[in-house]
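These numbers come from the heavy atoms of this one structure, side chains and all, not from hydrogens, waters or symmetry mates. Model, not experiment: these values are computed from the prediction. Chain letters run A, B, ... following the sequence lines, proteins first and then strands; every chain starts at 1.
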Number of protein chains: 2
Amino acid sequence: MARSERKPAPRKAAADEGNRRSELIRAAGRLFVDKGFDATTIRDIADAVGMRSGSPFYHFKSKQDMLKAVMIEGLQAALDAQQTAVLGLKAPEERFRALVKSHLRIILEDHTEFPVLLYEWRALSEESRAEVIAVKDRYEAVWQPVLRDLKKAGRLGDDGKVARLLLFGALNWTVQWYRSGGGLTLDQIAEQAIDFFLCDKTGKRR
Amino acid sequence: MARSERKPAPRKAAADEGNRRSELIRAAGRLFVDKGFDATTIRDIADAVGMRSGSPFYHFKSKQDMLKAVMIEGLQAALDAQQTAVLGLKAPEERFRALVKSHLRIILEDHTEFPVLLYEWRALSEESRAEVIAVKDRYEAVWQPVLRDLKKAGRLGDDGKVARLLLFGALNWTVQWYRSGGGLTLDQIAEQAIDFFLCDKTGKRR
DNA sequence: CCTACCGATCGGTAGG
DNA sequence: CCTACCGATCGGTAGG
């Protein structure tokens, strides 16, 4: 009690600052997805959260810095969802199916900042890349043992690398054409994608 | 002779104008792919062909107009390559294989303006879209009977629409990761993609 | 196609 | 976090 009375202001201020920062990231993410990074102005972002045009620079030192933060936020959300999705699953195929579905949900349904990563990689400066790649690697690292196990079990095509890149392409490209309520469910897309990717030991398709 | 002496200047001028216009389209295409539409300035484009900054507007009425022209140029190149690729092929599977390979060549190898279509669709204004879509439809129209025939022959998965979208995703996404000389040939990628997509009547994979 | 230019806008900053 | 502002740049135009 005495403790919470002594330093309430700093703690509250810190929390608020974090909130405002988060609001900026969320607003920027939406705008970057809708209009693109270059076409979005600092003023757009400030307006979206009720700030004046100079104020976002109190939270981020540059627009480029906001892009980096937005991408990392999206990756973090994907990582969290991924962890939850595979929790308790042991069989490689089960884990694989869970990863594919989680990935599609993050891209298409959860309205995270993840799509910014897919759209605006080119706009990310050389200097910002290393940091983003580090988190991206953590996300992809979860797929690797699953794919390795699938290959060991003969459920994956010969060339694991190309197959993986083609699969990610098929999944990531959905962001370009999928519209919710368009008569297609996420699960239908996921099942079809899994179907393409997996085969059983005798070479038959599921 | 008398004819060619009478009006040499206008004919030559017309040809030159077409050439300059083409040069601008080619330069703009390269820059749009490398830096993005918004990050590319009219001055960048003018510099690339040795013009002053105001001069591109003699050939195009706006930057948006250049984007439209670049996309249509890319589609035209794809259409031409496509026509040549399937020439004389009758069997649906043969035609399909030819289409996939032609598509990958256009995207990854021929350095056409086609990738601009994949990268910058969002930057294309509402008013410009109809015209581009018209040409895009002609390109996709060639795929349709082939896919229909494959389905009739039982060589295609149940859900033709999702399958098609996933395939285009896998192919189009290659632009994000493929680097020539990276140890992977176009044919390897094409074969793997075809492999995912096609199945025979008994449900076995090739 | 160039010269010369304009109005608008943009990312970012100083000072509080 | 706001006010007030700046230098740079951008798409585009008039007039030749």
Side-chain angles (χ1 to χ4, degrees), chain A residues 9-29 31-32 34-71 116 120 122-128, chain B residues 9-29 31-32 34-71 116 120 122-128:
Chain A
R11 285 174 65 191
K12 194 157 179 260
D16 278 2
E17 272 184 32
N19 284 341
R20 293 303 265 165
R21 194 185 140 93
S22 294
E23 283 176 51
L24 282 167
I25 289 178
R26 227 172 301 136
L31 287 161
F32 291 167
D34 290 346
K35 312 175 34 166
F37 176 72
D38 284 311
T40 299
T41 70
I42 294 291
R43 284 158 178 85
D44 291 334
I45 299 167
D47 279 354
V49 301
M51 282 180 184
R52 297 312 180 91
S53 73
S55 302
F57 293 103
Y58 173 74
H59 297 277
F60 300 91
K61 70 179 219 291
S62 68
K63 194 186 174 191
Q64 180 63 220
D65 226 55
M66 296 195 68
L67 178 60
K68 186 176 69 179
V70 165
M71 287 186 175
V116 176
E120 300 293 347
R122 198 177 37 185
L124 192 68
S125 75
E126 208 70 61
E127 304 88 60
S128 306
Chain B
R11 285 173 68 190
K12 195 156 179 259
D16 278 1
E17 274 185 29
N19 283 342
R20 292 303 265 165
R21 195 185 139 95
S22 295
E23 282 176 51
L24 282 167
I25 290 178
R26 227 171 303 136
L31 287 161
F32 291 167
D34 289 346
K35 312 176 33 166
F37 175 72
D38 284 310
T40 300
T41 70
I42 294 292
R43 284 159 178 83
D44 291 334
I45 299 167
D47 278 354
V49 300
M51 283 181 183
R52 298 310 181 92
S53 73
S55 302
F57 293 104
Y58 173 76
H59 296 277
F60 300 92
K61 70 179 219 292
S62 68
K63 193 186 172 190
Q64 181 63 222
D65 226 55
M66 294 194 70
L67 178 60
K68 187 175 69 179
V70 165
M71 287 186 177
V116 177
E120 299 294 346
R122 200 176 37 184
L124 191 68
S125 76
E126 209 69 61
E127 304 87 62
S128 307

Nearest non-hydrogen partners of A/Ser53 and A/Arg43, listed with the distance
CB-CG, 3.4 Å
Hey, is A/Arg122 close enough to B/Glu120 for a salt bridge, meaning N to O under 4.0 Å?
yes
Charged N-O contact under 4.0 Å between B/Arg26 and B/Glu23
no
Report, as a single string ordered 5' to 3', how protein heavy atoms within less than 4.0 Å touch nucleotides 9-16 of chain D: B base, S sugar-phosphate only, - not at all.
-BBBB---
Taking CZ from B/Arg21 and C1' from C/dC1, how many angstroms apart are they, rounded to a whole number?
16 Å
In the strands shown, is C/dG15 matched to any nucleotide by a Watson-Crick or G-U wobble pair with both distances under 3.5 Å, and which?
D/dC2
With B/Ser22, which residues qualify under side chain to side chain donor-acceptor pair (under 3.5 Å), at least two apart?
none
Please check if the side chain of A/Lys68 supplies one atom and the backbone of A/Glu127 the other of a donor-acceptor pair under 3.5 Å.
no
Rounded to whole angstroms, how far apart are CE on A/Met51 and P on D/dT3?
13 Å
